[in-house]
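All values below were derived from every heavy atom in this structure, side-chain atoms included, with hydrogens, water molecules and symmetry-related copies excluded.
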Amino acid sequence: MSLLWVILGFISLVIGGEFLVRSSVALSFKFNISKMVIGMTVVSFATSAPELLVSLKAALSGSPAMAINNVVGSNIANIGLVLGITALVGSIAVDKSFYKVNWPVMMLFSLALYYFLKNDGMLTALEGGILFVGLILFLFLLIRSAKKDTVVEEVDESLAVVSNFKIFIWLAIGASALYFGSEWLVEGAREIAISIGVSEAVIGVSLVAIGTSVPELAASVIAAAKQEKAISLGNLIGSNIFNIALVLGLTAIIKPITIPLNEPQILSNDIFWMLGFSAILLPMIFVKKKFQISRIKGFLLVFAYGIFMFLVFSNGKF
């Protein structure tokens, strides 16, 4: 039964995320927000909603390890799984903004998260506030410096003429699906962890993390298969930044997150995998076939992610 709740949770999160993105973009057009700003902020916020709801639900229901490792595992999956598989379908071009802006900012937020957690074993409301304010500042500077030809997340312009009633219905469906999806996923995942004898941190960094990354994976693979503009490296990096600063930042503001004493691997291993996957991207774009993530690089990312998952489940705890 717990597996059924997890599957239903996955499906609800995908549906909820899609409807929230549509309604948010349509609503933004109503307020005459530019397409560029919508792509940089509204779409990114909406696509991080599944992670936000799941982490918040986990933290409030007494599963802080799952709350943290949902984000840690999601960031690992975005690079190792989503980026890797997408690159296997078709090479991904890398522009200069990656190593000038996106990658340094992602590493800064990642290292800040590690420092905050390592410092006292918890993410306080103040630290969450610092991460969240840092995100707002980053977005402000990004939008201010962006040029008209800046490549951002694709925005469906047909949503500009959607009726207010339809937007309301989409919002209601999206919010309801995300709420129930997060409830079912967290409860089902917790039951699975108990039944197979592994920690909630292990389930959070694997099963739950993959579940909240499913929308990005599906969209990326479909776009690449159609030989359309696949999800860019910049958008994936942006997703990782949002996961740390928005998801954990807001969650910690509402409910400070403490690393359980029986889950030391979060700081001793899990977060180092996240830092490692993030760090390896920089040298990767400068070796053989510069400024692109080729199929062989994609294979190496997926292979590394496979090793990570093998270690997670073979050891139960690292």
### Query
Side chains of Val71 and Thr251: does their closest heavy-atom pair fall under 4.5 Å?
no
### Message
Hydrophobic clusters here meaning ILVMFWY residues chained together by side-chain heavy-atom distances under 4.5 Å, can you tell me if Leu13 and Ile11 are in one?
### Response
yes
### Query
Are Leu282 and Phe291 joined in one hydrophobic group, where the rule is that I, L, V, M, F, W and Y side chains link up if heavy atoms are under 4.5 Å apart?
yes
### Query
Which pair of non-hydrogen atoms, one from Ile92 and one from Ala87, has the smallest distance, and what is that distance?
CD1-N, 4.1 Å
### Query
So do the side chains of Ile237 and Phe98 get within less than 4.5 Å of each other, counting heavy atoms only?
yes
### Task
Establish whether Leu108 and Val101 are linked, either directly or via other cluster members, by ILVMFWY side-chain heavy-atom contacts under 4.5 Å.
no
#### Entry: Side-chain touch Leu301/Met284, heavy atoms, less than 4.5 angstrom
yes
### Task
Look at the side-chain heavy atoms of Ile, Leu, Val, Met, Phe, Trp and Tyr, link any pair under 4.5 Å apart, and say whether Leu88 and Phe303 land in one connected group.
yes
### Query
Just wondering, are more than 12 heavy atoms of other shown residues or ligands nearer than 6.0 Å to CG in Leu261?
no
### Task
Would you please classify the geometry between the Phe308 ring and the Tyr305 ring as parallel, tilted or perpendicular, with 30° and 60° separating the classes?
tilted
### Message
Taking NZ in Lys255 as the centre, count heavy atoms belonging to other residues, nucleotides or ligands within less than 6.0 Å. Is the count above 12?
### Response
no
### Message
Considering only residues two or more places apart or on different chains, which pairs with a residue in residues 104-124 satisfy side chain to side chain donor-acceptor pair (under 3.5 Å)?
### Response
Thr124-Glu127
### Side chain to side chain, Met274 and Ile271, heavy atoms closer than 4.5 Å
yes
### Message
Counting only heavy atoms from other residues, nucleotides and ligands, does the tally under 6.0 Å from CH2 of Trp5 exceed 12?
### Response
no
### Query
What closest approach, in Å, do Val302 and Ile85 show between heavy atoms, and which atom pair accounts for it?
CG2-N, 3.6 Å
### Task
Mind checking ring-ring contact (aromatic ring centres under 6.0 Å, His included) for Tyr179 and listing every partner two or more places apart, or none if nothing turns up?
none
### Query
Taking all non-hydrogen atoms of both residues, which atom of Ser294 and which atom of Ser91 are closest, and how far apart?
CA-OG, 3.5 Å
### Query
Do Ile307 and Val198 share a hydrophobic cluster (ILVMFWY, side-chain heavy atoms under 4.5 Å, transitive)?
yes
### Task
Search all heavy atoms of Ala67 against all heavy atoms of Ser55 and return the closest pair with its distance.
O-OG, 3.0 Å
### Task
Assign the ring pair Phe109 / Phe138 to parallel, tilted or perpendicular, where the plane angle (0 to 90°) is split at 30° and 60°.
perpendicular
### Query
Hey, does the side chain of Lys30 reach the backbone of Val162 with a donor-acceptor pair shorter than 3.5 angstrom?
yes
### Task
State, yes or no, whether a side-chain contact exists between Ser199 and Gln265 at a heavy-atom distance under 4.5 Å.
yes
### Message
Within the 4.5 Å heavy-atom criterion, are Ile210 and Met309 side-chain neighbours or not?
### Response
yes
### Query
Is the shortest heavy-atom distance from the side chain of Ile293 to the side chain of Ile285 under 4.5 Å?
yes
### Query
Can you check whether Asn240 reaches Ile244 side chain to side chain, under 4.5 Å on heavy atoms?
no
### Message
I need the minimum non-hydrogen distance between Leu248 and Ile68, along with the two atoms involved.
### Response
CD2-CA, 4.2 Å
